[in-house]
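In what follows, a single structure is set out as structure tokens and then discussed.
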There are 2 protein chains.
Amino acid sequence: MTSGRRSPSQKTISTKNGKRETPSLKRPGPSARERKEDSPSGTTQRLTEDLRSSGIHPTQQRLRVFQTLTESKGHLSAEEIHGLIRSQTPRIGLATIYRTLHALKEKGLVEEHRFNDEFSRYEAKPAKHHDHLICIECGKVVEFDQPVIEQLQVAAARENHFTIVSHRLEIYGICESCQRLRKEHDALLL
Amino acid sequence: MTSGRRSPSQKTISTKNGKRETPSLKRPGPSARERKEDSPSGTTQRLTEDLRSSGIHPTQQRLRVFQTLTESKGHLSAEEIHGLIRSQTPRIGLATIYRTLHALKEKGLVEEHRFNDEFSRYEAKPAKHHDHLICIECGKVVEFDQPVIEQLQVAAARENHFTIVSHRLEIYGICESCQRLRKEHDALLL
DNA sequence: ATTTGTGCAAACAGTTTGCACCAAG
DNA sequence: CTTGGTGCAAACTGTTTGCACAAAT
């Protein structure tokens with residue numbers, strides 16, 4: 001009971017509505033390739049180049065996904081990314097988001113996280129590795145890094161004859177504002 | 001394409017077979033409460049007590065789940081637990097496994113893990129916290145503990161004004177035998 | 001008789017896939 | 001024309017839930 005599965009979408013969209021009625025209104029603009037949209041000028045170019053040099057053909061959609069991840073510095077779910085992009089470019093499929101994320105992840109351009117036991121969240125891979133502090137009340141995620149951890153893991157791995165590929169340290173706790181909320185709440189009960 | 005989703009069950013059992021045909025063969029034995037089965041003598045008693053003192057009414061099924069987790073020291077998925085129990089006690093539902101795991105987790109008797117990005121795996125909560133070393137080739141999990149990590153996380157949390165509740169450190173790498181396999185494989189290519 | 005737990009099947013939610021169509025070389 | 005990418009809907013998979021029945025008090 002009270003199984004709190006915070007879901008990004010409230011309900012499954014009843015898949016019974018538009019059954020390929022008008023496959024026409026696909027491309028409103030012109031060639032649709034040189035459009036820079038309304039993003040900060042040079043940024044798009046750089047991202048495009050990043051994709052290309054990673055062997056990912058930079059289509060509009062892929063660029064949008066990558067861009068969304070780099071701009072909003074948070075840890076977004078696939079559906080959140082979908083929603084954000086959709087608000088500007090209506091016709092993009094969730095499947096494309098997933099396919100793109102898969103490719104980006106494979107090429108090392110994004111990282112996938114599964115905090116607590118929720119669905120996957122993605123972030124553009126940062127220059128230097130960092131770990132996460134997650135609030136179990138509100139879900140807030142704070143990044144931090146502790147270079148010493150790197151050495152510790154080497155020791156642990158060596159003892160067990162493992163070759164390290166990566167690591168993941170997540171600290172679960174209660175953030176400052178939630179602590180405050182708790183205190184207020186407790187005060188009311190006394 | 002090569003989307004490696006290692007699944008504990010190959011296929012969904014086509015839910016079209018037994019539609020409540022014979023709700024009879026439920027309880028083969030006698031009162032079915034005092035049965036110790038074939039487990040090491042005193043063990044069952046202790047586990048029963050553990051459950052009871054945690055406020056979980058110790059039914060046959062719950063006991064079985066808990067017992068399976070404590071005996072097989074590994075990190076089992078719900079379906080694996082189901083399979084193991086089923087081989088001795090045919091009629092137990094997967095839903096019961098999940099409900100029990102949920103209860104056990106809530107009471108702090110088991111821990112849930114989601115290594116890599118697979119399904120959940122469970123382990124009986126050990127006396128002292130430990131972390132995991134996971135082989136990305138074969139999925140083997142080795143436990144280790146690094147008491148120093150405890151201090152580091154305290155520091156990281158304090159800086160960010162978090163109250164620590166728990167942490168999770170997973171190191172992904174390649175285990176000894178898989179390293180050997182790789183070398184052999186590489187040798188063949190030269 | 002009341003309460004609690006269970007098995008089963010159906011529902012869910014996140015993710016993946018099959019396919020017809022679109023877009024670029 | 002060929003190749004690869006996309007949108008859509010359907011399939012899949014791990015997990016949860018509704019419900020009728022069973023077990024224990």
Side-chain angles (χ1 to χ4, degrees), chain A residues 1-27 30-33 56-65 77-80 82 86 89-103 112 114 117-122, chain B residues 1-27 31-33 56-65 77-80 82 85-86 89-103 112 114 117-122:
Chain A
M1 317 305 145
T2 57
S3 87
R5 187 194 270 254
R6 249 175 286 156
S7 75
S9 68
Q10 248 65 331
K11 274 288 181 189
T12 306
I13 302 114
S14 69
T15 167
K16 185 162 287 203
N17 182 11
K19 41 158 63 180
R20 197 172 285 276
E21 295 179 358
T22 46
S24 45
L25 53 142
K26 204 54 169 296
R27 241 337 128 238
S31 175
R33 198 177 42 147
I56 298 179
H57 192 86
T59 64
Q60 278 261 326
Q61 292 88 331
R62 289 171 178 170
L63 190 54
R64 283 306 188 95
V65 171
S77 69
E79 302 227 29
E80 283 167 348
H82 189 212
R86 217 171 210 195
T89 312
R91 298 176 63 75
I92 185 171
L94 184 52
T96 301
I97 309 286
Y98 278 112
R99 281 188 280 235
T100 301
L101 288 172
H102 183 84
E112 183 182 9
R114 234 175 186 169
D117 41 1
E118 284 184 356
F119 38 83
S120 290
R121 293 183 170 281
Y122 302 83
Chain B
M1 44 197 67
T2 58
S3 90
R5 186 192 270 255
R6 250 176 285 155
S7 77
S9 67
Q10 250 65 334
K11 273 291 180 187
T12 307
I13 302 116
S14 70
T15 167
K16 183 160 285 202
N17 180 13
K19 41 157 64 177
R20 196 172 287 276
E21 295 181 359
T22 46
S24 46
L25 53 142
K26 203 53 168 299
R27 230 1 110 228
S31 173
R33 199 178 41 147
I56 297 179
H57 192 84
T59 64
Q60 277 262 326
Q61 293 86 332
R62 288 171 177 171
L63 190 53
R64 283 309 186 93
V65 171
S77 69
E79 302 227 31
E80 282 167 348
H82 190 213
I85 297 179
R86 217 172 210 194
T89 313
R91 297 177 62 76
I92 185 172
L94 184 51
T96 301
I97 308 286
Y98 277 112
R99 281 189 279 236
T100 301
L101 287 172
H102 184 85
E112 183 181 8
R114 233 175 189 170
D117 40 1
E118 285 184 357
F119 38 82
S120 289
R121 295 184 168 280
Y122 303 82

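All of these numbers come straight from a predicted model, not from anything done at the bench. Chain naming here is simple, since letters A, B, ... match the order of the sequence lines and numbering starts at 1 in each.
Donor-acceptor pairing under 3.5 Å, judged by distance alone, is present between the side chain of A:R99 and the base of D:dG7.
Computed from coordinates, the B:H102 NE2 to D:dT17 C1' distance equals 12 Å when rounded to whole Å. Distance CG (A:L94) to P (C:dT16): 10 Å, rounded to an integer number of Å. With rounding to whole Å, A:E118 atom CD is found 15 Å from D:dT15 atom P. Distance, B:I92 CD1 to C:dG5 P: 14 Å, rounded to whole Å. Between A:I97 atom CD1 and D:dG7 atom P there is a gap of 8 Å when expressed in whole angstrom units. The CZ-C1' distance, from B:F119 to C:dT15, rounds to 15 Å in whole Å. Rounding to whole angstrom units, CD of residue B:E79 and P of D:dT16 are separated by 12 Å. If you take CZ of B:R86 and P of C:dT6, they are 15 Å apart, rounded to a whole angstrom.
Residue A:A95 is the one, among A:A95 and B:Y122, whose nearest nucleotide of DNA chain D lies closer to the 5' end (criterion: closest heavy atom).
One distance of note links CD of B:E80 with CZ of B:R86; it measures 14.5 Å at 0.5 Å rounding. Here B:T100 contributes atom OG1 and B:L63 contributes atom CG; the two are 10.5 Å apart, rounded to the nearest 0.5 Å. In this structure, CD1 in B:I97 is found 10.5 Å from CZ in B:R64, a value given to the nearest 0.5 Å. Within the model, atoms CD of B:E118 and CZ of A:R114 stand 10.0 Å from one another, a figure rounded to the nearest 0.5 Å.
With sequence neighbours excluded, the residues satisfying side chain to side chain contact (heavy atoms under 4.5 Å, CB included) with B:R99 are B:A95, B:T96. Residues satisfying the side chain to side chain donor-acceptor pair (under 3.5 Å) criterion with A:T59, sequence neighbours excluded, are absent altogether.
Considering only side-chain N and O atoms, B:R91 lies nowhere under 4.0 angstrom from the phosphate OP1 or OP2 of D:dA22. In this model, the phosphate group of C:dT15 is approached by a side-chain N or O of A:S120 to a distance below 4.0 Å at OP1 or OP2. In terms of phosphate contacts, B:Y98 brings no side-chain nitrogen or oxygen within less than 4.0 Å of OP1 or OP2 of D:dT16.
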Between the protein and nucleotides 3-5 of chain D, which nitrogen or oxygen pairs come in under 3.5 angstrom?
residue: D:dG5; atom: OP1; partner: A:R62; partner atom: NH1; Å: 3.3

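Residue B:A78 has its side chain nearest to D:dT15 when only C:dG7, C:dT15, D:dT15 are considered.
Counting only distance, with no hydrogens or angles, the side chain of B:H82 and the backbone of B:Y98 share no donor-acceptor pair below 3.5 Å.
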